[in-house]
Amino acid sequence: MSEKSSSSGSDDDVDPEPVHPVELGGVLSKWTNYIHGWQDRWVVLKNNTLSYYKSEDDREYGCRGSLCLSKAVITPHEFDECRFDISVNDSVWYLRAEDPEHRLQWIESIELHKVSKLHEPFLQTKGHRLREKLAEMETFRDILCRQVDTLQKYFDSCADAVSKDEFQRDRVVEEDEDEFPSTTKADGEYNHNNNGSKEKLFSPASPKAMNGIDFKGEAITFKATTAGILSTLSHSIELMVKREDSWQKRLDKELEKRRRVEDAYKSAMNELKKKSHYGGPDYEEGPNSLINEDEFFDAVEACTIHFTFTPHSHSSSLSSVELVSASDDIHRFSTQVEEMVQNHMTYSLQDVGGDANWQLVIEEGEMKVYRREVEENGIVLDPLKATHAVKGVTGHEVCHYFWDTSVRLDWETTIENFNVVETLSDYAVIVYQTHKRVWPASQRDVLYLSAIRKILATNENDPDTWLVCNFSVDHKSAPTNRCVRAKINVAMICQTLVSPPEGDKEISRDNILCKITYVANVNPGGWAPAPVLRAVAKREYPKFLKRFTSYVQEKTAGKPILF
């Protein structure tokens, strides 16, 4: 087949090879699980299969997963312009491109792979039949070319013979009419006509001189060949018409299939809003979350129940802190610390009655937990206040263990990572910590300043007060990640009450009682159902106070009392 014919066949989709789409590879963010969230992966689209690797360098070790795209459903996300989902039966991949343009490129490439694979058998069958007809036309063309060449040679021979004959006749006319050789025929044969003139006789052109062409046979062959060409062309046109009809039918089927898929997708989305199904990024916290409040609470409860107390090997040395006033703790945040301390001493120790609108939410023995319901832009900002009385420990000891970063992980079960960003002084540090994720809520982190103070009593009958205040600040060295930054303003305020011992006995731990006031103002930094947050706070804060005070009692047992 000639190069021209091959090119024409490709333009008409005769040859199925050119419709195969090219490979595509690049970095996409893939939703892994609720712990790790979105992770960058190297994704490859090849031979109607989508595969992913941990990175481009890991391709030689094999893919971590793949999807056959023949029956895949590609769904661009309704809200996220960079995200699209690919589902095959029960398997769903959640993918995010770096921008909407790359998402469109990936979706179009995947659809092209699907279409090329779907119609490959059809193209091969139709293309094979059309190639056969084109091959026949090539054969007919070669026959016609040979016939045309043969006829052209015949016509050229005829023209040469006529020209030679005319030339000889012109020479005879010019000869002298009186010369009349009647018998000799040396230079040629002469004949005499009726008027006495002579005429030289020429032998006609010999058929052998023209290769013995059978003009009638050539004409019959030419007629048969042209008839074959017309028949082949007619059949080719018929095949193309049938192919067009077939494509139209397939297009109608695809449109109908797309309509059914869209209806099924809408129906599935409605079902998902009713069912409890966890694991995908659509089940994150936020106003568009597909999880209702009951399911959200169940998920949070299932996660927090695994936050168990695990003792660490850290140790803390108890030493007396002789800090009395703000003048003993000077740093760039001193003014803010002083304001926070004064606010807590003024308002946090106030009685919960009156117009403060504190609601008692739980009471267990000496422990009472109060709450004021506050919401801002749909975010729950409920201030919380708890009071407790613990025997055998002093306010200094309680605040020491609450403030000391070296033992933080001994009693705090919700922290995942923890580090001191900056030490401002012996009694003030800036801390960054990430909390364990409670799915479906996003993971939180906190950056805060923690300071410990001793406030001397103004009345000799009143006890001194120890206070630790933790409040959010900004710091250029703080890590940046995908966590939601929460804002806090927390205070642990402790006073030590001593009952006189019997007789001349020394004061023991049986004679001391620590009154604790714990206040917390937390902005979670993102949306979550208000009933869920309040239910979790009501349950977790009492557990925290019990766990922490028990830890302090255990650590101070048998040790000298630190007032």
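In this structure, the side chain of Ser472 engages the main chain of Ile488 through a donor-acceptor pair within 3.5 Å. Counting only distance, with no hydrogens or angles, the side chain of Arg453 and the backbone of Glu338 share no donor-acceptor pair below 3.5 Å. Side chain of Lys543 to main chain of Arg539: no donor-acceptor pair is present (N/O by atom type, distance under 3.5 Å, no hydrogens or angles). Glu23 places no side-chain N or O within donor-acceptor distance of the main-chain N or O of Val44, the cut-off being under 3.5 Å. At distances below 3.5 Å, at least one donor-acceptor pair connects side-chain atoms of Arg509 with backbone N or O atoms of Thr556. Proximity of a side-chain donor or acceptor of Glu81 to a complementary backbone N or O of Asp99 within less than 3.5 Å is not detected. Between the side chain of Lys538 and the backbone N or O of Ile362 there is no donor-acceptor pair closer than 3.5 Å. A donor-acceptor distance shorter than 3.5 angstrom exists from the side chain of Asn511 to the backbone of Ser508, with no hydrogens or angles considered. Distance alone, capped at 3.5 Å, places no donor-acceptor pair between the Ser267 side chain and the Asp263 backbone. In terms of modelled atom types and a separation under 3.5 Å, the side chain of Ser550 and the main chain of Arg547 share no donor-acceptor contact.
You'll find the ring centres of Trp38 and Tyr94 outside the 6.0 Å limit.
Residues Glu373 and Glu375 fail the side-chain proximity criterion, which asks for heavy atoms closer than 4.5 Å. At a threshold of 4.5 Å between non-hydrogen side-chain atoms, the residues Pro524 and Val484 do not count as touching. The shortest distance between side-chain heavy atoms of Lys436 and Thr414 does not fall below 4.5 Å. Side chains of Ser425 and Ile330 form no contact here, defined as non-hydrogen atoms less than 4.5 Å apart. By the 4.5 Å heavy-atom criterion applied to side chains, Leu50 and Val88 are not counted as neighbours. Side-chain contact check for Met340 versus Leu449: every heavy-atom pair is 4.5 Å or farther apart. The shortest side-chain heavy-atom distance between Gln359 and Arg372 does not fall under the 4.5 Å cut-off. Using a 4.5 Å heavy-atom cutoff, the side chains of Pro100 and Arg103 are not in contact.
Note that the OG atom of Ser66 and the CG atom of Asn47 stand 12.0 Å from one another [nearest 0.5 Å]. Glu101 CD to Trp106 CH2: the interatomic distance, rounded to the nearest 0.5 Å, is 15.5 Å. Rounded to the nearest 0.5 Å, atoms OG (Ser87) and CG (Leu67) are 9.0 Å apart. Taking NE2 from His113 and SG from Cys68, the interatomic distance works out to 12.0 Å, rounded to the nearest 0.5 Å. Note that CG of Leu562 and OG1 of Thr394 are 5.5 Å apart. Values are rounded to the nearest 0.5 Å. Here CZ of Arg485 is found 5.5 Å from OH of Tyr432. Values are rounded to the nearest 0.5 Å.
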**Prompt:** Are Ile516 and Thr549 close enough, and set up right, to give a side chain to side chain contact (heavy atoms under 4.5 Å, CB included), and what steps lead you there?
**Reply:** CA-CA 10 Å; Ile516 298 174; Thr549 54; 3.7 Å; yes
**Prompt:** Stepwise, does the side chain to side chain contact (heavy atoms under 4.5 Å, CB included) test hold for His435 with Ile415?
**Reply:** CA-CA 4 Å; His435 290 264; Ile415 293 178; 4.2 Å; yes
**Asked** Would Gln433 and Arg408 count as a side chain to side chain contact (heavy atoms under 4.5 Å, CB included) if you check the C-alpha gap in whole Å, the side-chain angles of each, and the deciding distance to 0.1 Å?
**Response** CA-CA 11 Å; Gln433 64 189 32; Arg408 181 67 51 83; 3.7 Å; yes
**Message:** Run the side chain to side chain contact (heavy atoms under 4.5 Å, CB included) test on Val390 and Val398 for me, step by step, so that the C-alpha distance in whole Å, both residues' side-chain angles and the decisive distance to 0.1 Å come before the verdict.
**Reply:** CA-CA 10 Å; Val390 183; Val398 172; 5.9 Å; no
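A donor-acceptor contact closer than 3.5 angstrom links the side chains of Ser406 and Asp404.
Figure legend: cation-pi geometry between Lys30 and Tyr52, with NZ or CZ positioned under 6.0 Å from the six-membered ring centre and within 45° of its axis.
Residues Tyr265 and Thr75 approach most closely at CE1-CG2, 3.4 Å, considering heavy atoms. When all heavy atoms are compared, the tightest approach of Asp464 to Ala457 is OD1-N, 3.0 Å. Residues Cys494 and Met492 share a closest heavy-atom pair of SG-CG, 3.9 Å. Looking at every heavy atom in both residues, Val490 comes nearest to His344 through O-NE2, 4.3 Å. Between Pro501 and Glu506, the shortest heavy-atom distance links the atoms CB-O, 3.9 Å. The nearest pair of heavy atoms linking Asp382 to Val374 is OD1-N, 2.6 Å.
Few gaps surround CG on Asn459; more than 12 heavy atoms of other groups in view lie less than 6.0 Å from it. Around the CD atom of Glu422, the shell of radius 6.0 Å holds more than 12 heavy atoms that belong to other residues, nucleotides or ligands. Within 6.0 Å of NZ on Lys368 lie no more than 12 heavy atoms contributed by other residues, nucleotides or ligands. The local environment of CZ in Phe418 is crowded, with over 12 non-hydrogen atoms from other residues, nucleotides or ligands closer than 6.0 Å. The number of heavy-atom neighbours closer than 6.0 Å to NZ of Lys487, taken from other residues, nucleotides and ligands shown, is above 12. Heavy atoms of other residues, nucleotides or ligands lying less than 6.0 angstrom from CZ of Arg258 number 12 at most. The environment of Asn89 atom CG is sparse: at most 12 non-hydrogen atoms of other residues, nucleotides or ligands sit within 6.0 angstrom.
Ring geometry for Trp358 against Tyr370 counts as perpendicular: the plane angle is over 60°, on a 0 to 90° scale with 30° as the lower cut. The aromatic rings of His396 and His400 sit perpendicular to each other, their planes meeting at more than 60°, with 30° as the lower class boundary. Taking the six-membered ring where the residue is Trp, Trp411 and Phe402 present parallel rings, their angle staying beneath 30° rather than reaching 60°.
Salt bridge annotation for Glu262-Arg259: absent, with no cationic side-chain nitrogen under 4.0 angstrom from a carboxylate oxygen.
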